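Notes for the one structure printed next.
Source: prediction; values computed, not measured. Here, residue 1 is the first one in the sequence, and each next residue gets the next number.
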Amino acid sequence: MRLRLSWESQTVTWMKKLILRPSFGWQCLGLVNWQLYLDLQGRAVEKSGGSRSSFLKATTTTFHHAINESEKASYVAHINNYLAEDKFLKDFLPIDPATNALFDLAKDGVLLCKLINVAVPGTIDERAINTKKVLNPWERNENHTLCLNSAKAIGCTVVNIGTQDLVEARPHLVLGLISQIIKIQLLADLNLKKTPQLVELVDDSQEVEELLSLAPEKVLLKWMNFHLKKAGYQKQVTNFSTDLKDGEAYAHLLNALAPEHSTHSTLDAKDPTERANKVLEMAEKLDCKRYLTPKDIVEGSPNLNLAFVAQIFHHRNGLADSKTTTFAEMMTDDAETSREERCFRFWMNSLGATTYVNNVFEDVRNGYVMLEIVDKIFPGTVNWKQANKPPIKMPFKQVENCNQVIQIGRDLNFSLVNVAGNDIVAGNKKLIIAFLWQLMRFSMLQLLKNLRTHSQGKEITDADILNWANNKVKKAGRTSQMENFKDKSLSSGIFFLELLSAVEPRVVNWGLVTKGETDEDKKLNATYIISVARKLGCSIFLLPEDVIEVNQKMMLTLTASIMYWSLQQQESASDEGEISDEISAEGRKNETGLSGETSDLAVDSESSKTEE
């Protein structure tokens, strides 16, 4: 029998529930009256070191963050343009940028989910989005949970954004998320896989490797400088702000890319605002939408300038195909390796490390980002005094970092036979993927282990996860079972849909589920599974192809994520049950006193009426 928590520890836990799950506060009202509720609420806060008044004010406290109205107008124009024909949103568009309509529309979560699909088509199965005209709080929360988990899965950093922030449509956070989503859309083609013609920017294989490791915005700058140099422009553009303020770089770039629209009047303009206006007029002839103003160029708005240069790249990149085949051998990753690289990249970025990973195989080679990731998962395991911070020019310094990574892996009992730091520095893809997989798996098992309601501190194994899933489905009255995480029957998607339904019966709409017999039906089910799991609250990074092809690693992570979410709910319910019992006892104990207080309040009320 579990020991009952002390009243002090329970009140702190209860307070956390009030903050994280406001609906729990209303559940308490069914157990005791409002006066007792406030009394216990105050005791909980005081126990945590706060005060009753500060707690009551916390939900209404407003922090004012400056909003860039020009950026807001640009994002609204982007949304109006790309979502104008959406069946659901067309009734709410176009949005007026001069009002708060953007934030009002964002409160239900539909807009952000749709915008994610514009940025990376197919990320969200739109059948999983709650799209009623009026959503209840649970449906709204589901949409925002789906949005945040999907945003992480396409590379957004959402470490400091929660569903409540989106429900309240806090302007600076909503605009920050929209900015990231649009940036991902605009920079999607700035890599060698999508645009192999980018090899024209480099001269040899070593430079190709450097190009592979560059962030998309750095590739965009490299592309811009490539054309500016050819056009005879002497300056180097190093940013999307101060270096573009005078408009000269834009004028030279557009003259080089679109000689048919070339004019000296742009360069001859003495006033920067006049030149900026002529630049925008010229860009419109290339069908670049006017999402920024001459003022934005002159003031050096980095986000809007980046978006503008990206638009120019999409409409007229000015690159030839002559070198494309020369470096074809550089891009020989098979589909599964590419998908796993993508999965690990987004997973690593979701942890909130300082270094943003653009290409796993290139960015981990100096060892530093690996140390950051390890430290995020297991704080205190990295000896930062022995770590070498980038930029690291000496190869042996990179090896030192990677050796420490490997040693930590051995301390965690990873399988690293004949693996050394040199293998990471050399960019051995197979070994890098193997290490990252063990790191992700170990992190996942630790999360499950730390849930007291299930493991009691015991080590969790793959077999435990498998047995839990099969038992969960069986107890729900379903017949599907999986033999292992390589079971080919998983490709139909039926087992995972039954598992999701078992942990939350209302989350799966069975009218949308296919039998999973044809390739098309399997893909429909797989896409739906991923979106439903994210809608619940699972942080997963796999693709539909991983389900269809039964990628063993991804099947384990999917099952473990569902298990973790389910056990979290059980633990939460257990805490609430204990606290509710304690609250009921307090209610009975104080019933007489509270009745007296209530009578006094009634008398005071009557007295005040008489006095009036």
Side-chain angles (χ1 to χ4, degrees), residues 70 74 183 186-187 189-192 194-204 206-208 210-324 327 358:
S70 189
S74 177
K183 181 179 176 182
L186 294 176
L187 300 181
D189 293 340
L190 279 149
N191 59 74
L192 283 171
K194 293 286 186 68
T195 311
Q197 295 90 342
L198 284 168
V199 296
E200 190 177 349
L201 306 184
V202 298
D203 295 321
D204 55 43
Q206 184 176 352
E207 288 189 3
V208 170
E210 292 174 2
L211 188 63
L212 284 169
S213 66
L214 287 180
E217 51 267 43
K218 296 293 185 183
V219 176
L220 193 60
L221 282 174
K222 193 174 184 69
W223 167 80
M224 189 176 190
N225 284 312
F226 171 80
H227 284 297
L228 289 175
K229 185 178 180 181
K230 286 174 64 176
Y233 187 64
Q234 300 299 316
K235 300 177 184 177
Q236 184 88 356
V237 177
T238 61
N239 57 64
F240 293 102
S241 181
T242 54
D243 288 357
L244 299 176
K245 280 185 175 183
D246 59 14
E248 289 185 5
Y250 278 134
H252 281 91
L253 178 67
L254 290 170
N255 281 342
L257 293 174
E260 70 275 22
H261 301 304
S262 177
T263 172
H264 289 291
S265 63
T266 306
L267 286 170
D268 291 340
K270 302 299 181 184
D271 179 52
T273 302
E274 181 187 351
R275 184 182 299 122
N277 191 53
K278 289 182 178 294
V279 163
L280 293 176
E281 288 175 355
M282 192 171 178
E284 282 186 330
K285 294 176 182 178
L286 297 180
D287 204 28
C288 293
K289 300 294 181 183
R290 185 177 281 215
Y291 289 157
L292 78 170
T293 65
K295 182 181 177 184
D296 296 324
I297 293 176
V298 173
E299 291 183 352
S301 172
N303 287 338
L304 297 185
N305 274 312
L306 183 147
F308 183 48
V309 177
Q311 273 206 322
I312 297 172
F313 174 86
H314 285 299
H315 287 90
R316 188 76 65 93
N317 66 37
L319 300 174
D321 295 328
S322 57
K323 285 189 180 181
T324 302
F327 296 105
N358 295 290

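- Minimum interatomic distance between N358 and L214 (heavy atoms only, all atoms of both residues): CB-O, 4.1 Å.
- A donor-acceptor contact shorter than 3.5 Å is absent between the side chain of D189 and the backbone of K194.
- A side-chain donor-acceptor contact under 3.5 Å links S241 to the backbone of G300.
- In terms of heavy-atom proximity, A307 sits nearest to L186 at CB-CD1, 3.5 Å.
- In this structure, the side chain of S74 does not engage the main chain of L292 through any donor-acceptor pair within 3.5 Å.
- Atoms CG and CG, from L187 and N191 in turn, are 10.0 Å apart once rounded to the nearest 0.5 Å.
- For the atom pair N255 CG and E260 CD, the distance stands at 10.5 Å (nearest 0.5 Å).
- Between L198 atom CG and L190 atom CG the span is 6.5 Å, to the nearest 0.5 Å.
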For a quick test of your reading: what N or O donor-acceptor pairs under 3.5 Å do the side chains of residues 278-287 make, sequence neighbours left out?
unit_1	atom_1	unit_2	atom_2	d
E281	OE2	N277	ND2	3.3
E284	OE2	R290	NE	3.3

Taking only distance into account, with no hydrogens and no angle test, what donor-acceptor pairs under 3.5 Å do side-chain atoms of residues 264-272 form with protein atoms, sequence neighbours excluded?
unit_1	atom_1	unit_2	atom_2	d
S265	OG	T263	OG1	2.9
D271	OD2	T273	N	3.4
D271	OD2	E274	N	3.1

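- With E200 contributing its side chain and A320 its backbone, the two residues share a donor-acceptor pair below 3.5 Å.
- In terms of heavy atoms, K222 sits closest to L201 at CE-O, 3.9 Å.
- For the pair T238/L221, no side-chain contact is recorded, criterion being any heavy-atom separation below 4.5 Å from C-beta on.
- Among residue pairs with one or both ends in residues 227-236, those qualifying as side-chain hydrogen bond (donor to acceptor under 3.5 Å, both in side chains) are W223-H227; sequence neighbours excluded.
- Side-chain atoms of R275 do not come within 3.5 Å of backbone N or O of E248 as any donor-acceptor pair.
- Annotation for L244 and M224: closest pair CD2-CE, 3.6 Å, computed over non-hydrogen atoms.
- Closest of all the heavy-atom pairs between V237 and A249 is CG2-CB, 4.0 Å.
- Under the 4.5 Å side-chain criterion, counting only non-hydrogen atoms from C-beta, N239 is not in contact with P302.
- The aromatic ring centroids of F308 and F240 lie 6.0 Å or more from each other.
- N303 places no side-chain N or O within 3.5 Å of a backbone atom of L306 that could act as its donor or acceptor partner.
- Residues S70 and D296 have side chains that bring a donor and an acceptor to within less than 3.5 angstrom of each other.
- Shown here for L257 and R316, the closest heavy-atom pair between the two residues is O-NH1, 3.0 Å.
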